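Quantities reported herein were computed from a predicted structural model and do not represent experimental measurements.
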Amino acid sequence: MTTPSPLADREPLAYLTAATAGIRHHTNAAPPDGHPATRGHVDALHAHVTALHTLLGQLTEQCRNKRPAQRSNFAAARTRLWQAGEHLHDAFHQAPRAPAPDQDAPQDDTCRQDIDAGPPFVTICLRHLRTSALVRQQTTPADLHSPLHGHTRHRTS
């Protein structure tokens, strides 16, 4: 029988730290000339926010019986990430589409055209639809529209 490695307990934290460092690097490396984000950038951000949404869902469930106040805050953060994902999905469809070589004018940006176009455009829409299904199971419409869903302040006195 082998003993677990001390790194095994720290791996999840190491991965989150690396993801944060990657985003910080991308932020610092952004071109200063004000070019708008490409569809690829928005897709990557949407994937990141969706992964965080999933992680917060798991943390919310882990706290279900043991830490109700912490669970409420995790649930609120998960809801806010869903809302951020909604905006990123919309921003993806607002980003300019690179015209096809035989086409000068870009087409109207709708989910349907992107799905018909296939990958990579279909990726963000399918990811968003999968997450939407989870949100409908985990959250009420009132929660999604509440400005302070799950927000509680705790005094330490």
Side-chain angles (χ1 to χ4, degrees), residues 4-63 67 69-101 103-111 113-115 117-135 138-139 143-154 156:
S5 130
L7 181 60
D9 292 337
R10 294 180 19 215
E11 278 184 21
L13 181 58
Y15 291 131
L16 284 173
T17 302
T20 302
I23 289 175
R24 191 175 303 120
H25 171 75
H26 184 76
T27 302
N28 293 335
D33 54 5
H35 285 301
T38 65
R39 283 181 158 216
H41 285 102
V42 178
D43 183 34
L45 283 171
H46 186 269
H48 189 76
V49 166
T50 302
L52 284 171
H53 179 270
T54 302
L55 175 61
L56 281 169
Q58 292 170 353
L59 293 172
T60 300
E61 289 307 308
Q62 289 171 0
C63 293
R67 298 184 188 114
Q70 188 179 31
R71 179 187 187 280
S72 178
N73 285 298
F74 281 146
R78 179 185 62 197
T79 299
R80 297 302 170 252
L81 282 172
W82 161 249
Q83 292 168 333
E86 278 272 291
H87 290 292
L88 287 169
H89 180 252
D90 292 345
F92 176 86
H93 289 292
Q94 297 297 319
R97 182 185 303 199
Q103 186 179 354
D104 292 332
Q107 297 177 1
D108 182 37
D109 287 325
T110 63
C111 246
Q113 288 174 337
D114 285 344
I115 289 172
F121 303 121
V122 73
T123 306
I124 189 170
C125 295
L126 290 177
R127 182 185 324 114
H128 196 67
L129 288 171
R130 280 192 303 269
T131 307
S132 297
L134 289 174
V135 168
Q138 300 166 339
T139 314
D143 292 340
L144 293 174
H145 298 293
S146 170
L148 296 174
H149 165 69
H151 181 73
T152 56
R153 292 193 179 223
H154 301 283
T156 54

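- Taking L45 as the reference, L88 meet the side chain to side chain contact (heavy atoms under 4.5 Å, CB included) condition, with sequence neighbours excluded.
- Going from atom CZ of R130 over to atom OG1 of T50 covers 9.0 Å, rounded to the nearest 0.5 Å.
- With sequence neighbours excluded, the residues forming a ring pair (Phe, Tyr, Trp, His ring centres under 6.0 Å) with H128 are H46, W82, H89, listed by chain and number.
- Summarising the geometry of A95 relative to R39, their closest heavy-atom pair is O-NE, 3.3 Å, with the distance given to 0.1 Å.
- The closest side-chain heavy-atom distance from H53 to V135 is below 4.5 Å.
- Legend: residues meeting side-chain hydrogen bond (donor to acceptor under 3.5 Å, both in side chains) with E61, ordered by chain and number and at least two apart, are R64.
- Atoms CD and CZ, from Q58 and F74 in turn, are 11.5 Å apart once rounded to the nearest 0.5 Å.
- Taking CG from L81 and CG from L52, the interatomic distance works out to 5.5 Å, rounded to the nearest 0.5 Å.
- Residues G85 and V49 share a closest heavy-atom pair of N-CG1, 3.9 Å.
- The distance from atom CG of L13 to atom OG1 of T17, rounded to the nearest 0.5 Å, is 4.0 Å.
- Residues satisfying the ring pair (Phe, Tyr, Trp, His ring centres under 6.0 Å) test with H87, not counting sequence neighbours, are none.
- Nearest approach of A47 to R127, heavy atoms of both residues: N-NH1, 3.4 Å.
- Closest approach of A77 to L56, counting heavy atoms only: CB-CD1, 3.7 Å.
- Applying the side chain to side chain contact (heavy atoms under 4.5 Å, CB included) test to L134 and every residue at least two apart in sequence or in another chain returns Q137, Q138.
- Using a 4.5 Å cut-off on side-chain heavy atoms (C-beta onward), H25 and N28 make no contact.
- Residues passing the side-chain hydrogen bond (donor to acceptor under 3.5 Å, both in side chains) test with T38, sequence neighbours excluded: H41.
- Between the OH atom of Y15 and the CG atom of L55 there is a distance of 14.0 Å, given to the nearest 0.5 Å.
- From S132, atom OG reaches atom CG of L126 across 11.0 Å, with rounding to the nearest 0.5 Å.
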